[in-house]
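So the structure is just underneath, and the comments pick up after that.
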Amino acid sequence: MIRPILAALVALTPALPAVAQDLITRNRVGPEDAEKSLSFRLTAFDLYSSDPATREGFEALFTDFIEAHPGWRIDTQLSTGNIGQEQARLLQQTQAGRGPDCAMIDSSQIALFRDTGVLQPMNAVFDAAAVDDLFPYVRDAVIDAEGNVLAWWWFTDLRVLYRDTRLVPEAPQTWEEAQAAGLAAAGQGSEGFLFNGGRWEGTAFDWLANFWAQGGRLVDDAGAPVFAEGDNRARMLIALEYVKGLVDSGAAPSRVTAITDYDAFNAAAAAGSAAMFVGGNWQYGQLRQTLPPEDFAAWEVSELPGPTADQRATGAGGWSIGALSDDPEKIEMCALIARDIYAGAGNALQGLLPTSAGIYDDYDVYAGPEYDLFAAALENGRARPGAAIYPEISNQIQIMLGDVLSGSATPEEALDAAATAVQAAYDRR
Amino acid sequence: MRRASPTPGDAPALPWLMPALAMLALFYAVPVLDVLRLAFSDATLIRPATEVSTRAVAAVLSNPALPQVLGTTALFTLASVIALQGVGLAIALLIVRGERRGLRGMTALRTLVLAAWVVPGIANGLIWQILFSEAPYGGLNSLLGSVGLGPVAWLSDPQMALVSAVIANTWQGAAFSMIVFYAALRAIDPVIYEAAEVDGARAFTVLTRITLPLLRGAVLVNSVLVTVQTLNTFDAILALTGGGPGRATEVLALFTFNTVFYNLDLAGGSALAILLFALAMALALVLWVTLGRRDMRA
C-alpha cells in the first residue's frame with residue numbers, strides 16, 4: 001500500500017524545483033552553454049540567502065528572468081560580509097579591468113564609484129518617469145549632472161526609535177523627552193535607552209541623524225569636510241552633548257560604547273531588558289519573529305527624537321546595482337536585473353523599503369501601519385554624503401563618540417582630533 | 001695514508017639552498033619590496049602610484065594618533081607575550097607532569113587546548129564578544145554575579161577593553177606556546193629530575209634551578225614567535241572591539257588595516273606596514289641578542 005502512495009507522491013512532485021536547480025547553481029543562473037554571459041557580484045542576502053523562504057523566492061524571480069532572456073547566462077559572484085573591504089576590492093578590480101560586469105554597490109559607496117568613473121549609464125532601461133518617482137535623496141545619489149542614471153538604488157532603509165510601551169507609553173519627540181523617558185525606564189530596572197556606540201559604521205550613521213536634524217553638513221559642495229567649522233561645529237558639539245548626557249545621566253547604560261551591531265537590540269528586547277533603542281526599520285520584522293505575540297504587541301516604532309519636535313532627521317541607507325561593463329548589451333542586462341528582479345518584486349519579497357513611491361502602492365506587503373510610519377519618516381531621510389572622504393569621516397566620528405561616551409576626552413577635544421585627522425586624510429588625496 | 005671519502009657536509013651549500021631561497025624571494029621578498037615601493041609613492045586604493053614621494057611616510061610619522069596607537073600596541077604586545085609564555089608553560093608543565101605520572105586524559109587536554117589555536121581570529125573575537133557582553137544576560141558577568149562579584153565593564157571601559165583583548169589573544173595563542181614548551185620539556189633528561197628528587201629538592205627549586213634554565217632556548221624561540229604573532233594580530237580585535245572604545249584597543253596592525261580600507265590610503269598603509277615590519281624585526285633582534293647570548297653562555 002505504501003509503495004503506490006510513494007510512487008504517486010513522486011509523480012505529483014512539481015517539476016519547477018528541479019528546473020530551478022538546473023538553472024541556478026552556486027555560481028550560475030541560466031544554462032551553462034548559453035551564448036552570452038554576464039558576471040554579477042551580489043550580496044548573500046537574497047539569491048544565496050541562508051533563509052530558505054528568501055532564497056526560494058529569489059530563485060523563482062531569477063528563473064523567470066533568465067527564461068525571459070534566452071541565450072543569456074548570469075555568472076554569479078558572492079561578495080564577502082566585510083562591506084568596506086569588499087567594496088574597495090570591487091573598485092580596485094574594476095579599475096584594473098578584472099571586475100564583474102554588474103555589481104551590488106552599497107549606497108554609501110555610490111559616490112566613490114561615481115567619482116572614479118567606473119559606472120556606466122543605464123538610461124536605456126530607466127526612463128524619466130522612473131527617475132522622477134525616486135525619493136529625492138536617492139535621485140541625487142544616482143543621477144549625475146548630465147542626467148545619466150549611474151546606478152539603481154533598489155532598496156532603502158532608515159533608523160527609527162523602538163520603544164516598549166509598557167515602560168515608555170508615549171513616543172519621545174525631543175531629546176529632552178527621550179532622556180527623561182530613558183531615566184524613568186532605568187528607574188524601573190530596565191537598561192533605558194540603547195544605541196550603537198561601539199567602533200563601527202552603524203554608530204556614526206545612527207548618531208549623524210542628531211547632527212543632520214539641526215541642519216548640519218559634513219562636507220561642502222566640493223566634497224571637502226566642513227563638519228567642524230562654524231555652525232556645523234556648534235551642531236556637532238550639541239549632538240555630542242546629547243548622547244553624552246544620556247550616558248552620564250543613566251538614561252543609557254555605559255555599555256553602549258561596546259555595542260557594534262543591531263542584533264544586540266533584538267537580544268535586549270527578547271530579554272526584556274531594553275526600554276528603547278535606535279534601530280533599523282528591518283528590525284520590525286525580526287522582532288515580530290523573535291518575540292512572543294503579546295510582547296511584540298507592546299513594541300512600537302516612532303521617528304527619532306530631535307532637538308525640537310520640528311527638527312527631525314534619520315539616516316537612510318540601502319543597496320544599489322551598477323553596471324561596470326562597457327558592453328551595451330551587458331549594461332542593459334544589468335539594468336534589467338535591477339528593475340525586474342530587485343526593485344519592486346525583490347523589495348516586496350523581503351519587506352525592504354522601495355526607493356520609488358509608486359512601488360508602495362503596488363504590493364500588499366506595504367499595507368501595514370509601520371510602513372506608513374517608515375514612509376513618513378523617509379521624508380526626513382538623509383543619505384550619507386556623496387563624497388569619497390565619507391568613510392574616513394565615519395571612522396573618526398566612531399572614535400570621537402567612543403572617546404566622549406567613555407569619558408576619555410571632552411566633546412571639544414574629541415571633535416578637534418576628528419577634524420584634524422579627516423583634514424589630513426583629505427589633503428593626502 | 002688514505003684520504004677520507006667526501007661527506008654531504010663537504011659539498012657547496014649554495015646549490016642546495018637555492019630552491020628554498022628562490023621560494024623565499026618569490027613569496028616574501030617580492031611582496032615586501034612592493035610594499036616598500038608603495039610606501040614611497042602616492043598610491044591609493046583607487047589610484048595607482050603616479051610619483052615617488054616621501055609624503056606618505058612623513059604623514060604617517062606625524063599622525064597625532066600614532067603615539068597612542070604605538071602605546072596601545074606596546075601594552076598589548078607586552079602583556080600578551082608575558083601571558084602567552086606563562087599560560088603556555090603552565091599547561092605544558094601540567095601535561096608533562098600528568099604524563100609522567102600516567103594520568104588519564106592528558107592527550108584529551110592537549111587536544112582541547114590545541115582546539116583554541118585552530119579557531120580563526122574573527123571567530124575568536126566573536127566568541128569573546130559574547131562572553132564579555134555587558135548586557136544583564138552577558139556570559140561572564142552573569143557568572144561573576146552568581147558569586148556576588150561584578151559586573152565588569154569588559155568592553156566599554158577603555159582600560160578593561162585592552163585587558164579583554166589580551167585575554168582573548170592569550171586564550172587563542174597559548175596553545176602554540178604550550179607546544180613549544182611541551183617539546184622542550186620532553187627533551188629534558190628525566191635522570192636530572194631523579195637526581196634532584198634524591199637530593200630532596202622541592203618542586204619550586206626544581207622549576208627555577210633545573211626546568212627554567214634548561215628551557216632558555218625554547219623561551220627565546222617562543223618569545224620571538226609570539227611577539228611577531230601578537231604584533232600582527234588584528235582580526236580578533238577587529239571582531240571583539242573594532243579598536244574601540246575610541247582608539248583604546250587600536251593596535252598598529254588594525255590601524256594599518258583602517259588606513260587602507262577606510263582611508264583608501266595605500267601608500268600610508270604601506271608605510272605603516274613597513275613600520276610594523278621594522279618593529280617586529282627590531283624586537284626579534286633585541287630578544288635574540290639578550291636571551292640568545294645568555295643561552296650561549298649557559
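Chain naming here is simple, since letters A, B, ... match the order of the sequence lines and numbering starts at 1 in each.
- With rounding to the nearest 0.5 angstrom, the OG atom of A:Ser406 is 8.5 Å from the CD atom of B:Gln159.
- Looking at B:Thr44, there are no atoms closer than 4.5 Å to chain A (heavy atoms on both sides), in backbone or side chain.
- The distance from the CD atom of B:Gln129 to the CG atom of A:Asp261 is 6.5 Å, given to the nearest 0.5 Å.
- Both the backbone and the side chain of A:Ser254 come within contact range of chain B, judged by heavy atoms closer than 4.5 Å.
- In this structure, the separation between CD on A:Gln398 and CZ on B:Arg247 is 10.5 Å, given to the nearest 0.5 Å.
- Of residues 130-143 of chain B, those residues with a non-hydrogen atom less than 4.5 Å from any non-hydrogen atom of chain A are, in numerical order, B:Glu134, B:Ala135, B:Pro136, B:Tyr137.
- Looking at B:Asp265, the atoms closer than 4.5 Å to chain A (heavy atoms on both sides) all sit in the side chain, from C-beta outward.
- Other residues, nucleotides and ligands place more than 12 heavy atoms under 6.0 Å from the CZ atom of A:Arg233.
- Of the listed residues (B:Ala56, B:Ala65, B:Pro48), the one with the most heavy-atom contacts under 4.5 Å to chain A is B:Ala56.
- Closest heavy-atom contact between B:Pro245 and A:Gly402: CB-O, 4.1 Å.
- The CD atom of A:Gln396 sits 8.0 Å away from atom CG of B:Asn263, with the distance rounded to the nearest 0.5 Å.
- No part of A:Ala424 comes within reach of chain B, as not one of its non-hydrogen atoms sits under 4.5 angstrom from that chain.
- Heavy atoms closer than 4.5 Å to chain B are found in the side chain of A:Leu112, but not in its backbone.
- The local environment of CZ in B:Phe277 is sparse, with at most 12 non-hydrogen atoms from other residues, nucleotides or ligands closer than 6.0 Å.
- The minimum heavy-atom distance between A:Ala88 and B:Leu45, with the atom names listed, is CB-CD2, 3.3 Å.
- Counting heavy-atom pairs under 4.5 Å between each of A:Ala417, A:Pro391, A:Gly197, A:Ala264 and chain B puts A:Pro391 at the top.
- Separation of atoms CG (B:Leu266) and CD (A:Gln92) is listed at 7.0 Å; rounding is to 0.5 Å.
- How far CZ of B:Phe261 is from CD of A:Glu86: 10.5 Å, rounded to the nearest 0.5 Å.
- The backbone N or O of A:Ala258 lies less than 3.5 Å from no partner atom in the side chain of B:Ser156, so there is not a single donor-acceptor pair.
- For the pair A:Arg199 and B:Asn258, the minimum side-chain heavy-atom distance is below 4.5 Å.
- A:Asp144 is linked by a side chain to side chain contact (heavy atoms under 4.5 Å, CB included) to A:Glu146, A:Asn148, A:Leu150, counting only residues two or more places apart in sequence or in another chain.
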